[in-house]
Student: 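Mind looking over this structure? Questions follow.
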Amino acid sequence: MDPAQLEQFRQFQQFQDYLRFTQSQQGNQPAPPPDAGLVQAPPPQPPVIPPGYQLVPAERRRAPRWLSWLGKKVIAWVLALVILGVAGTWLYNHFFPNDSGKTSAQLAQEGGGKYQTNHILSTSPYEAVREVYDAIAQNLVPQACGRMDEPIQQKFAQDLGYADCQVAVHELNRKVTSKNKYAESMPSYVSEPIPGDRFTISSCRFGIEGGPALGAFTVQKVEKSQWLITAHTNEPNPCPAPAPTTR
């Protein structure tokens, strides 16, 4: 207590003593002094900040280092997976493009370039036709249509009742019941001499099994001793019984 408060308290005690004296003169019992001998504490005061000090807000509790490290690793892995997914999709579309929206001529050119400068066709006339059957059995549009000259690709499809060569390959593939039998129905070569640089090979002559016969193909010898299909005609459906041949 400071001196002023002590002086006030002393005056208050003197006033109480005066009241007790007057009451005793009037014959009344003096009132007992409240909390005699006790010094009452002053009302609570707000804390005083010493000079030179300032209040500093409590720091936010930081996450443990291992938790921060783990969070960074998870984010890095997620980003890596996203990048790999995008790159994988691009590579797949680059090396295995979708055939939709492309013409038969475009698909044929994608099958291996141009025969005028590269060895992309068969050097055997019978193998050239057999490769068409094999490609249809595997549902491979570029390999099937690419064995034919570009104008013949459309005629081949129309002869068999389809809009274009691409559609023809897909639809004919649906009718194949045995891939191996169908691909091997046409021989790769025959023992008889090749009649010239241009001649016709009949599918009905060899008895096609495991799928539909594709008619007669005219093959022609082109650059680098390769054989290209340059004409197509329909044959009876079903084919008549084939005559014995020497393979």
Student: Determine whether a donor-acceptor pair (N or O, by modelled atom type, separation under 3.5 Å) exists between the side chain of Asp197 and the backbone of Gln220.
Tutor: no

Student: Output yes when a side-chain donor or acceptor of Arg130 lies under 3.5 Å from a complementary backbone atom of Ala183, and no otherwise.
Tutor: yes

Student: Check whether Thr200 reaches the backbone of Phe217 with its side chain - one donor and one acceptor, N or O, closer than 3.5 Å.
Tutor: no

Student: For Cys145 versus Val169, what's the shortest heavy-atom pair and its separation?
Tutor: SG-CG2, 3.9 Å

Student: From Asn139 CG over to His170 NE2, what is the distance, rounded to the nearest 0.5 angstrom?
Tutor: 5.5 Å

Student: Judged by atom type as modelled, is there a donor-acceptor pair below 3.5 Å linking the side chain of Ser225 to the main-chain atoms of Thr123?
Tutor: no

Student: Are any of the side-chain nitrogens in Arg205 or Glu192 under 4.0 Å away from the carboxylate oxygens of its partner?
Tutor: yes

Student: Within the supplied structure, the quantity of interest is the number of heavy atoms (other residues, nucleotides, ligands) at a distance under 6.0 Å from Asn180 CG; does it exceed 12?
Tutor: no

Student: Work out which heavy atom in Phe156 is nearest to a heavy atom in Cys165; give both atom names and the distance.
Tutor: CD2-SG, 4.3 Å

Student: What pairs with Lys181 under side-chain hydrogen bond (donor to acceptor under 3.5 Å, both in side chains), at least two apart in sequence or on another chain?
Tutor: none

Student: Stepwise, does the side-chain contact (heavy atoms from CB on, under 4.5 Å) test hold for Tyr182 with Asp134?
Tutor: CA-CA 7 Å; Tyr182 193 63; Asp134 181 68; over 6 Å; no

Student: Ignoring hydrogens and geometry, is there a side-chain-to-backbone donor-acceptor pair from Ser203 to Gly215 under 3.5 Å?
Tutor: yes

Student: Please name the pair of heavy atoms, one in Tyr133 and one in Pro212, separated by the smallest distance, quoted to 0.1 Å.
Tutor: CE2-O, 4.0 Å

Student: Keeping the roles fixed (side chain from Ser202, backbone from Ala216), state whether a donor-acceptor pair exists under 3.5 Å.
Tutor: no

Student: Under 3.5 Å, side chain of Gln226 to main-chain N/O of Glu223, donor-acceptor pair present?
Tutor: yes

Student: Hey, does the side chain of Asp164 reach the backbone of Gln154 with a donor-acceptor pair shorter than 3.5 angstrom?
Tutor: no

Student: Taking only residues two or more places apart in sequence or in another chain, which ones pass salt bridge (Lys or Arg N to Asp or Glu O under 4.0 Å) with Glu235?
Tutor: none

